[in-house]
Protein chains: 2
Amino acid sequence: MDAEAQADLALSRIAAAMGEPARLRILHCLLDGHARTSTELAAVAEVSPSTASVHLNRLRSESLIKVSAQGKHRYYRLQGGEVARALEALSVLAGGARRRFVPSTPVYLRFARTCYDHMAGTLGVSLHDQLLSLRWIAEIHNRRGHLYQVTSYGLEGLMGLGIDVAAARNLHRRFAFGCMDWSERRAHLGGAIGAALLKVALKRKWVVQEVGNRALSLTSLGHREIHNRFGLQL
Amino acid sequence: MDAEAQADLALSRIAAAMGEPARLRILHCLLDGHARTSTELAAVAEVSPSTASVHLNRLRSESLIKVSAQGKHRYYRLQGGEVARALEALSVLAGGARRRFVPSTPVYLRFARTCYDHMAGTLGVSLHDQLLSLRWIAEIHNRRGHLYQVTSYGLEGLMGLGIDVAAARNLHRRFAFGCMDWSERRAHLGGAIGAALLKVALKRKWVVQEVGNRALSLTSLGHREIHNRFGLQL
DNA sequence: TCCATTGTTTGATGATAAACGAAGCGTCGA
DNA sequence: TCGACGCTTCGTTTATCATCAAACAATGGA
């Protein structure tokens, strides 16, 4: 088989991978740049988990999505911007320009959002980096992922915010770890400490949660407080 | 079903239409903007005419191609530029940027090329228009397509080029007709007279055929001769 | 008018693949 | 260590679809 025919075949396999309603719903869902778990995507695609797993495998073998395991979950996301662009080009054919795909994470989600029970986005990543450079937290080696301990500086600072670090340590969950941020591609602070920080930020109205999505809005109070307490100019 | 889900479904149907090797070969073949007959496309797709017919119907129902009947033939071509753009976006995913699709007729083909045994492209269309305005040929009405007769002016001119018009009239084929030019979307001169003109142009080295494609190169001699004999400034 | 060419439609057949449940494998939290 | 949970793999069923030959329709030329 010559190179031309082989390229055609590869192209048709990619198009076929997109040409199945359930798989297209999966791709469409991932278009915002977020990573989703297998279970979430099964619900979106409206198929059983086992069926979704087969679909995800197929999309992966065509390099349309990539996966990264994190603990119990497997996070799937688009392989890259080309995939989003191809889907957008296809959507032009379907019903004109009736509906536009959002090729990347929307600005309002990219800046700050919740990731389960802690902060993600630019805000979350910046805070994580600042806590590290202020030496409130320090990395400890572990075979899987980044784990953190709270230093004596950190203990003082967190208690100053009204966080009960000892109680957080006794929760049946990871204490503090670097949680991969999918819009920033860098770590933000997860675990019990991360959750406690979000709780404080919400309670003190540094950020407010929007309805209907996971976005967080930074208030002017929050802007001031985060600058004063962490030296972080957002 | 909500609008979102319906758009996804339409999208997946389009992707599925492209996701079949034979159909993709057809689309790929049509990417140069030319129209092809059902039989030609069956050969390209390497399937039987009946199978090709089914595929062409499917592509047509998804508005990826359009058809126009001309006599015994049915000419298929891409629906529009968006289809070419979508295929190009997909080809980025297949094997990187290894091979680029040509979304429209390449310049070298657009200017001048063979159409079976006569001239097409800008050159062919210009010549056709000029022969009409010089009254070498005149349109005669016919229920299907444009047919032409050669006037006394034309007879003189063609004989001056060494063309045996009487012999051309006796060939078992259409004498002269307007053949739709798919890159120009206008007619060029086909039939026995069109073929005889190409033969002369090749013999006198006004144009030379390139190897491997249907392109024609206009020589400087051809440029001069066509200007002198037809008053055509290319 | 007749025949060759071109193309579509139909019907039958075989291959592909999408779907699910059950079972298996890892990881997390108690 | 022991479930609980998330996810995948396997095996089976079912439905879809690509394919071709044969029949049919339309056109052009002799």
Side-chain angles (χ1 to χ4, degrees), chain A residues 9 12-13 15-26 35-43 45-62 65 67-76 116 142-145 147 169-175 177 179 190-192, chain B residues 12-13 16-26 35-43 45-62 65 67-76 116 142-145 147 169-175 177 179 190-192:
Chain A
L9 193 62
S12 73
R13 271 193 290 111
M18 294 177 172
E20 207 280 332
R23 282 196 293 265
L24 197 67
R25 282 194 289 271
I26 289 174
R36 301 268 150 71
T37 66
S38 182
T39 310
E40 287 172 334
L41 293 172
E46 298 172 18
V47 290
S48 72
S50 59
T51 303
S53 186
V54 175
H55 283 317
L56 290 168
N57 250 327
R58 170 112 183 238
L59 291 173
R60 202 154 65 90
S61 75
E62 297 300 337
I65 62 176
V67 64
S68 59
Q70 213 176 58
K72 201 151 49 163
H73 300 278
R74 287 169 71 89
Y75 288 98
Y76 290 93
Y116 299 99
N142 186 281
R143 58 192 160 88
R144 49 174 176 279
L147 292 186
R169 214 182 293 275
N170 287 329
L171 293 176
H172 290 152
R173 60 179 300 184
R174 273 183 291 182
F175 177 63
F177 70 98
C179 181
Chain B
S12 72
R13 271 193 287 108
M18 294 177 171
E20 207 280 332
R23 283 196 293 264
L24 196 68
R25 281 194 290 270
I26 288 174
R36 302 268 150 72
T37 66
S38 181
T39 310
E40 287 172 333
L41 293 172
E46 298 173 17
V47 291
S48 72
S50 58
T51 302
S53 186
V54 175
H55 285 318
L56 290 169
N57 249 327
R58 171 109 182 241
L59 290 173
R60 203 154 65 90
S61 75
E62 297 299 338
I65 61 176
V67 65
S68 59
Q70 212 177 60
K72 197 151 54 162
H73 299 278
R74 288 169 70 89
Y75 288 97
Y76 290 93
Y116 299 100
N142 185 282
R143 58 194 159 87
R144 49 178 174 275
L147 290 187
R169 214 182 292 275
N170 286 329
L171 293 175
H172 290 155
R173 61 180 299 183
R174 273 182 289 181
F175 176 63
F177 70 99
C179 181

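Quick note on labels: first sequence line is chain A, next is B, and so on, each numbered from 1. Keep in mind it's a predicted model, so treat the numbers as computed, not measured. Computed over heavy atoms, backbone and side chain alike; hydrogens, waters and symmetry mates excluded.
C:dA15 atom C1' lies 12 Å from atom CD of B:E20, rounded to whole Å. Remark: P of C:dT6 and CG of B:L41 are 14 Å apart, rounded to the nearest angstrom. The nearest whole Å value for the distance from the CG atom in B:N57 to the P atom in C:dT10 is 10 Å. Distance B:I26 CD1 to D:dA18 C1': 12 Å, rounded to the nearest Å. In this structure, CG of A:L59 is placed 10 Å from P of C:dA18, rounded to the nearest angstrom. Remark: P of C:dA17 and CG of A:L56 are 17 Å apart, rounded to the nearest angstrom. Separating the NE2 atom of B:H73 from the P atom of C:dT5 is a distance of 12 Å, rounded to the nearest angstrom. The separation between B:N170 atom CG and D:dG29 atom P is 14 Å, rounded to whole Å.
A donor-acceptor contact under 3.5 angstrom links the side-chain atoms of B:S50 to the base of D:dA21.
Nearest nucleotide to the side chain of B:P49, out of C:dT8, D:dT19, D:dA18: C:dT8. Of the candidates C:dT9, C:dC20, C:dA18, the closest approach to any side-chain atom of A:T51 belongs to C:dC20.
Of the possible polar contacts, one joining the A:R23 side chain to the A:A16 backbone as a donor-acceptor pair under 3.5 Å is found.
Using a 4.5 Å cut-off on side-chain heavy atoms (C-beta onward), B:T37 and B:Y76 make no contact.
Between A:Y76 and D:dG6 there is no side-chain polar atom (N or O) within less than 4.0 angstrom of OP1 or OP2. OP1 and OP2 of C:dT27 both lie 4.0 Å or more from every side-chain N or O belonging to A:R74. Phosphate proximity of C:dC20 to A:S48: present, with a side-chain N or O under 4.0 Å from OP1 or OP2.
Between atom OG of residue A:S12 and atom CE of residue B:M18 there is a gap of 12.0 Å, rounded to the nearest 0.5 Å.
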Side chain to side chain contact (heavy atoms under 4.5 Å, CB included) between B:L41 and B:L56, intermediate numbers included: CA-CA 9 Å; B:L41 293 172; B:L56 290 169; 3.9 Å; yes
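Listed here is the closest heavy atom pair of A:R58 and A:A17: NH2-N, 4.1 Å.
Mapping A:H55 and A:K72 onto DNA chain C by nearest heavy atom places A:H55 closer to the 5' end of the strand.
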